[in-house]
Amino acid sequence: MASNGVYIPHESAKGHVTGQAHYIDDLPRLHAELYVGYLGSPVAHGKILSINLDKAKKIPGVVGIYTHKDIQGENLFGPIIKDEKFLAYDVTHFLSEPICVIAGEYPEAIEKAKAAIELEIEELEPILSIDKAIEKQKFIGKKIKIERGDTSAGFAASDHILEGSFITGGQEQFYLESQIAFAIPQEENDLLIYSSTQNPTEIQKVVAEVLGLGHHEVVCICKRMGGAFGGKETQGVHVALMAALVAQKTRRPARCGYDKDTDMKVTGKRHPYKSFYKMGYSQDGEILALEIDYYSDGGCTADLSPSVLSRTLMHTDNAYFLPNIRTTGQICYTNFPSNTAFRGFGGPQGVAAIENLIEEIAIRLGKDSLEIRKKNLYGPGRETTPYGQIVRNNILPNLIERLVTESDYHARLAEIQEYNRSSKLNLKGIALTPVKFGISFTTKFLNQGNALVNIYTDGTVQVSSGGTEMGQGLYTKLRQIVADQFAIPVEDVKVMATSTEKNNNASPTAASAGTDLNGNAAVNACEKIRERLAGFAATLLADQAAGISPEAAEVCFDDAQVFDRRLPDKKISFKELVIKAYKERISLGERGFYATPGIDFNNDTGKGNPFYYFTNGAAVTEVLIDRFTGELKLEKIDVLMDIGNSINPGIDHGQITGGVVQGLGWATNEALTYNEKGELLSHSPTTYKIPGIKDIPLHFNVNFFDNPEHQINVLRSKAVAEPPLMLGISAFCAVKNALSSVLGTSGANINLPATGEEILMALQKTGVAKMQS
Ligand code: MTE
Ligand code: QUE
Ligand code: MOS
């Protein structure tokens, strides 16, 4: 029986719950292993005048203190633009930016050394907001643009014009395992690095280049991460560099990891955005022209900000045909840690911008926002995106209809309107929002993957790929895919730790494309082995007496057995075939490769076909608001997703639920607070609230939408990971819907997240909720 399409547990489920699954901090301490810490900038922006290490170096237990002068390679890196220094030496750009790396025999020695280092620094005026960066015109990279049609003509044809600004907040990835790396010196100059990273190749490359080594002298291994959510696409490098520098200097093993509070303070998050919009729409709610200028808070270096921003522009259309549109994007330089990838990768900011505006149209026209959404959807004769890609297999209109019916949307909307007319204490709101998320890296060269498949003489199989496991289930899906290629049980297949030694030049496991790229590469490897085995089986199974010759064999792998369709009774077990093939000196290993076909995008023109396909879905969320405190409660959520043919419905159900909950947190609850020095105040679970079990409604339905027309990709599956996050925006829209019932046409203009505070401030305008004075 095939194992794909079946609800089998995550390959590490037992290890996760029993504690037997290994994470980097679980690796036993090695002989002579060192602790690693660092001294960071005491100010968000400063000029280093002098550093004196003399006293600190004399502290017992301090093995070494290293500055930029000790770096043998180039003190500069960055995934897109090389603008990030490993160790600061002239100017510091964020609070806690590393200046000195400290190696100690025990942690206390590091703490003492930090206090004893004499650092003279002149404080410079920091930029701590998007507004300030715009005022000072401090940007990273060029302004980007995607446009189509004629917005002036669109505005002229519109019955209504709406102008304003909209803010979406940042978000902490909140993985459970903080950034960590363990560097172990090998022979000669070689280094082995265990890293909690979505991107072992990037760790290998950056460590090699900064330490002055060849890429071939560094191996990076990642067995699994305790969560990543985009936060470990590029930002695993800092701890890896610190551990590697110490290992290089001392030739002793060195481990470097952050505690939770430090991790939250010093690593990048989802980009906060401020956008300025002008929209023209008709009396019946059709958007005729839209201009949006986005400003993202990039933090102090580029990191992945250019790719994040371009994904925002490409998702401003979301599910809607916008005939006349001009979007621009600019990355603001600020004195915060560089912001980075977070599930959705700029998509949520674009989708929130348009969904907020759709809700505004509905409020202003006194209509149901679902009607406005349906009026603007992609459809026949309106299927080209602003960047020129045609939306094929457009199932959203049908998917939305099914969700409307199954969630009983119309009846609930009527009930809610009635409730709001009579309730003095609470308000209710409801919204259905869709998502259409483009699958593929918008950077073409990243859309490739390779995998290694080895069969052993007992018929068991090991598979490795460049893809990493962060809890999302990639290893489980690879196991199912490979097991089915040979028609053997999943127990006979193991997915091995990701290592740059086995799989070179891998892309980050990101953009939801982990299974697409690595699963297809694994299939490619298996196909090559199967072809050899089938040829060999044909000769084994041939029966000259019965007139069955090997030439026209139809060899079949089924139920752990192999046979020729012409002689269905003569079967050989897969295990038997493998050992026989080995003895005949037939290779039982193979490397597979995959490159996504048919995609291309021109960053200069803003046109092309960046995506292989789209993953679609929609959610209906109902909220309850306390009119006097602004407190928000999520009442009901119904989710419907098209993820093609699910390889593992259990895992995909978990991905959808988790993605939606993460989106709900971003849209309604998670707020980052800083002081005037640029210090993060919400740096622990007590001050930064991600959704907890009690915040999730009991009524939380997740269903899959059948899409038999989706015939491409591995096992006709679709990427699942990021798209559901954007469905959390339905809660934000539901809040606006609730507020509009008491605030009239212009009062529900809140920013995201719709925290209790944001809601209360809006309600205060009604005079119903007033601060006690
Ligand atoms: N699921 C879990 N449990 N942990 C994670 O860190 N990261 C998300 C998503 N789901 C994440 C997760 C992000 S940001 C991405 S891009 C994808 O998983 C990456 O994996 P995939 O491409 O194999 O789906
Ligand atoms: C979506 C993504 C990523 C992306 C583009 C997307 C992503 C990522 C990069 C990227 C781009 C250029 C580089 C690089 C990475 O682009 O995760 O190393 O040089 O890392 O549309 O998720
Ligand atoms: Mo996910 S943000 O593409 O790592």
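Atoms within each ligand, like the ligands themselves, are counted from 1 in listed order. Remember, it's a predicted structure, so these values are computed and weren't measured experimentally.
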Please classify the [X] to ligand 1 contact at 4.0 Å (heavy-atom distances, strictly less than): side chain, backbone, both or neither.
| X | answer |
| --- | --- |
| Q655 | side chain |
| A511 | backbone |
| A719 | neither |

### Message
Please verify the inter-ring angle class for F229 with F342; under 30° counts as parallel, over 60° as perpendicular, anything in between as tilted.
### Response
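Tilted, since the angle between the ring planes falls between 30° and 60°.
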### Min heavy-atom dist P508 to ligand 2 below 4.0 Å
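The answer is yes, since P508 has a heavy atom less than 4.0 Å from ligand 2.
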Please write down residue, atom name and distance for the protein heavy atom closest to [atom].
| atom | result |
| --- | --- |
| atom 8 (C) of ligand 2 | E233 OE1, 3.2 Å |
| atom 3 (O) of ligand 3 | A511 N, 2.7 Å |
| atom 2 (S) of ligand 3 | R343 N, 3.1 Å |
| atom 12 (C) of ligand 2 | I80 CG1, 3.5 Å |
| atom 14 (C) of ligand 2 | L446 CD1, 3.8 Å |
| atom 4 (O) of ligand 3 | Q198 NE2, 2.7 Å |

### H683 and Y258 aromatic centres sub-6.0 Å
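Distance test on ring centres: not under 6.0 Å, no.
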### Task
Check each of K223, K232, R224 against E177 using the salt bridge (charged side-chain N to carboxylate O under 4.0 Å, His left out) test, and report the only one that passes.
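Passing option: K232.
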### Message
I'd like to know whether ligand 1 has G227 as a neighbour, heavy-atom separation below 4.0 Å.
### Response
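Right, G227 reaches ligand 1.
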### Task
May I ask whether K232 has any heavy atom positioned less than 4.0 angstrom from an atom of ligand 3?
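No, that is not the case, since the closest heavy atom of the residue is not under 4.0 Å from the ligand.
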